[in-house]
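I have placed the structure first, in the form of structure tokens, so that the comments after it can refer back to it.
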Amino acid sequence: MNPCADARAAELRALLQHHAHRYYVLDAPEIPDAEYDRLFAELQALEAAHPELRAPDSPTQRVIGQVLDGLAPVRHALPMLSIRTETDTTASGAQAFDMRVRRELGLGDDAPPVAYCAELKFDGLAINLRFEDGVLVQASTRGDGHTGEDVTHNVRAIGQVPLRLFGDAPPVLEIRGEVYMRRDDFERLNERQREKGARTFINPRNTAAGAIRQLDSAGMADKRLSFFAYGVGEVRGWTTQPGTHSGTLDAIAAFGVPVCAERARVQGAAGLVAFHERIGAARDALPFDIDGVVYKVDAIELQQRLGFVTREPRWAVAHKYPAQEQTTRLEAIEVQVGRTGKLTPVARLAPVFVGGTTVSNATLHNLFELRRKGVRAGDEVIVRRAGDVIPEIVGRIPAPRAHYVPNFRMPPACPVCGSAVLRERGSVEHRCSGGLFCAAQRKQAILHFAGRRAMDIEGLGEKLVDQLVDGAVVQGLPDLYELDAQRLAALERMGEKSAANLVAMLARSKSTTLARFLYALGIRHVGEATARDLARHFGRMQLVMDAGAEELQQVPDVGPVVAQSIAGFFAQRHNRDVVQQLVDAGVHWEEGDGAGAAAAAPSGVLPLSGRTLVLTGTLPTLTRDAAKALIEAAGGKVAGSVSKKTDAVIAGADAGSKLDKARALGITVLDEEGLRGLLGDGGATAQAGTGPA
Ligand code: IVH
């Protein structure tokens, strides 16, 4: 044993543990990735030279690629219980639980309300983490409640799970919680699978559960899993153990284990009902799936008095929300043509209530995915609607047939306009080649043009656009500005007042910005951020239209594909004509000098002029739009993705891949306070704020 190496290894372990917690759990790193990597490499080298220093809680032991012959059984020191489920999804579900608790505790009507800890019911896989003297020694699944499986090799690969607890950990502390996958991590994974033409995963829960139970931990490499603690198992020698469940959760968080912030200590039935309603309303906006909330009597002493019925505690209940997956009948598969001409097979379903709304259409993404799922019209299928994601078909019930003969084909001609349907080599997407000749694409193009972030023409909705295009009243974008109140009022479901309103909105929309106008044109690959970059760089429409692909690539974040798409768009005569006709109809904006000279703003004076920031995650007080507005008012711009040209990333809670990328590129990461520093007095605070980088 080399005392010097020993001390340094311990120091490195503690440092790396601290920074891993900042990064994975708090999402507020203090050092750049490269610095972390340097410390990590130093520890690795030390351990290689002195193998006796290799401790189980060393961050170097988070290796992926360990392969087991089988999962070893683990007998739980304390059984892992389940909770009784209240299936009544209305307020009375919460009231019934409170009533039961009060009765069992012998509380009279005049006794004060019972205090509860209200939490989310995570939709993942229950895991027991056993820490001995603060070190993670074992992770196991619930199994049958008495015996689970040892999945330590995979759980070690979850960055959010600490290998060592902070502070004075008791000799034995089992922390129980849920391993889950965030929706954005799941969507990203499936998007990558689709791009590869590989099988997509069913839902976040199955993906997380499947990954955790794999023998080969290499399966964890492409799956980013997360963890939330919700309780404890066996505990020995925890002298400062809190007397409440909410206190226990706070203590667990202080040990460095993630605990969901959406939890509350509430009083009585009214408190439970309010929590159920609040979370129900926020459910779609959460970054992960939940299937309900959980109420627990907060005082441990009362929990002990209440005890258990068979395997369920009397002091806890799960209160559900409407399910996010349902089975229904797939009536037919039709094809929808999108704004860019993409043909999407869409399942027409027997209407089903799922994820809080009635769903009668769901996407099948593309022909190849449809085939992989092996569905046919007439099948019973599972439909999933979670968050604001478009409802999708996850599969067939029962499992796909052995001999699947699809009864669906992509049409050779566009079902809307009859133009040829083409598929680029290597692509999984079929496209209509009709462009704006295609009514479907025209409708989508008009809706996009009118969108809030484009020309912002309120009142020009789907039903109206259908009527206008189908009735040949509007053939192209410029026709919109020919509409008069009389003409509009003659349409179905169009009163005089709404007709007059729309005409006013149309008139108002004529005065716009170059960025909005560019975005409104619906050029493939030109989103809001790119449109803004183009406007800033070129300043004048004519310059954008005349720029070659090469020149376009001078614009930040514009690569060859986007450049080609823009150049290709303006190479078409009719697209230039549309621009001219819109200008003739009175659409106008202020033209600048380009290269970042914002209209009247004296560049160089504003604190953020010439700086590109990227926003990710939820900031504590600012909405995304508000943060963006502040940055732009300070002369900066907000890009949609992180690149080498990004000056800083402003990260809030639950930041995702943008944060990872920023770290990978060594870009400054700031929180809201850091952003305010930048906005305040430019230079000085900006320096202070760049600490981690
Ligand atoms: S407490 C004694 N809290 O729901 C109570 N469980 O039936 C033990 N779950 O599979 C569980 N979120 O993994 C508890 N906030 C939460 C939970 C939760 C999800 C899962 C748990 C288990 C099932 C319990």
Side-chain angles (χ1 to χ4, degrees), residues 76-87 93-94 97 100-101 104 116-129 139-149 151 155 158 160-161 174-182 203-206 208-209 212-213 225-235 244-250 252-253 257-266 272 275-276 278-280 282-283 286-300 302-321 323-324:
H76 296 304
L78 279 182
M80 287 182 81
L81 303 164
S82 55
I83 358 182
R84 174 192 165 115
T85 300
E86 184 56 73
T87 44
F97 171 63
R100 264 199 318 275
V101 166
E104 308 269 0
Y116 295 101
C117 180
E119 301 165 26
L120 306 186
K121 186 161 192 296
F122 313 107
D123 204 5
L125 173 77
I127 292 286
N128 184 62
L129 303 175
S140 51
T141 63
R142 189 180 125 177
D144 65 4
H146 295 285
T147 307
E149 288 167 323
V151 289
V155 171
I158 303 176
Q160 283 201 336
V161 173
E174 289 187 350
I175 294 179
R176 290 180 173 173
E178 200 91 345
V179 166
Y180 67 98
M181 193 171 195
R182 289 167 51 107
N203 59 32
R205 197 182 67 80
N206 287 15
I212 284 293
R213 300 196 55 254
L225 302 188
S226 304
F227 179 84
F228 276 137
Y230 54 62
V232 293
E234 190 187 11
V235 174
T244 60
H245 181 70
S246 49
T248 305
L249 293 184
D250 294 343
I252 292 173
V257 181
V259 179
C260 182
E262 288 290 1
R263 62 182 193 273
R265 189 168 192 273
V266 302
L272 299 178
F275 186 81
H276 187 255
R278 178 169 74 76
I279 298 298
R283 185 187 187 192
L286 290 172
F288 45 82
D289 285 358
I290 57 168
D291 56 359
V293 289
V294 176
Y295 311 135
K296 296 170 185 170
V297 170
D298 201 33
I300 307 293
L302 294 186
Q303 288 187 1
Q304 281 160 355
R305 264 171 62 193
L306 286 160
F308 301 86
V309 220
T310 58
R311 290 171 53 191
E312 292 169 353
R314 283 202 195 83
W315 45 263
V317 77
H319 194 187
K320 294 276 222 177
Y321 290 119
Q324 287 174 318

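Just follow the structure's listing: the first ligand is 1, and inside any ligand the first atom is 1.
In this structure, P313 has a heavy atom closer than 4.0 Å to ligand 1. For the ligand labelled ligand 1, residue L120 lies inside the 4.0 Å heavy-atom shell. By the 4.0 Å heavy-atom criterion, K296 is counted among the residues contacting ligand 1. Not a single heavy atom of M80 sits closer than 4.0 Å to an atom of ligand 1.
Nearest non-hydrogen protein atom to atom 20 (C) of ligand 1 is E178 OE1, 3.6 Å. With hydrogens left out, the protein atom closest to atom 22 (C) of ligand 1 is R142 NH1, 3.9 Å, a heavy atom. The single protein non-hydrogen atom nearest to atom 8 (C) of ligand 1 is L81 O, 3.9 Å, given as residue, atom name and distance.
In the vicinity of S82, heavy-atom distances shorter than 4.0 Å reach the ligand 1 atoms 7 (O), 24 (C).
For ligand 1, the polar-atom distance check against E119 finds a nitrogen or oxygen pair separated by under 3.5 Å.
Using a 4.5 Å heavy-atom threshold, the side chains of N128 and R142 count as separate.
A salt bridge is defined here as a Lys NZ or Arg NE, NH1 or NH2 lying under 4.0 Å from an Asp or Glu carboxylate O, and D250 with R263 meets this definition. Ion pairing between E174 and R176 holds under the 4.0 Å rule for side-chain N and carboxylate O. Classification of R278 and E262 as a salt-bridged pair holds, one side-chain N sitting under 4.0 Å from a carboxylate O. Salt-bridge check for K320 with E86: failed, with every basic side-chain N at 4.0 Å or more from each acidic carboxylate O.
Judged by distance alone, with hydrogens and angles left aside, the side-chain atoms of Q160 form a donor-acceptor pair with the main-chain N or O of F227 at under 3.5 Å.
With a 4.0 Å cut-off on non-hydrogen atoms, I83 touches ligand 1 through its backbone as well as its side chain.
In this comparison of Y230, F122, Y180, the heavy atom closest to atom 16 (C) of ligand 1 sits on Y230.
In this structure, a donor-acceptor pair under 3.5 Å is absent between the side chains of H76 and E234.
With Y116 as the partner, the ring-ring contact (aromatic ring centres under 6.0 Å, His included) test is satisfied by one option alone out of Y295, F97, F275, W315: F97.
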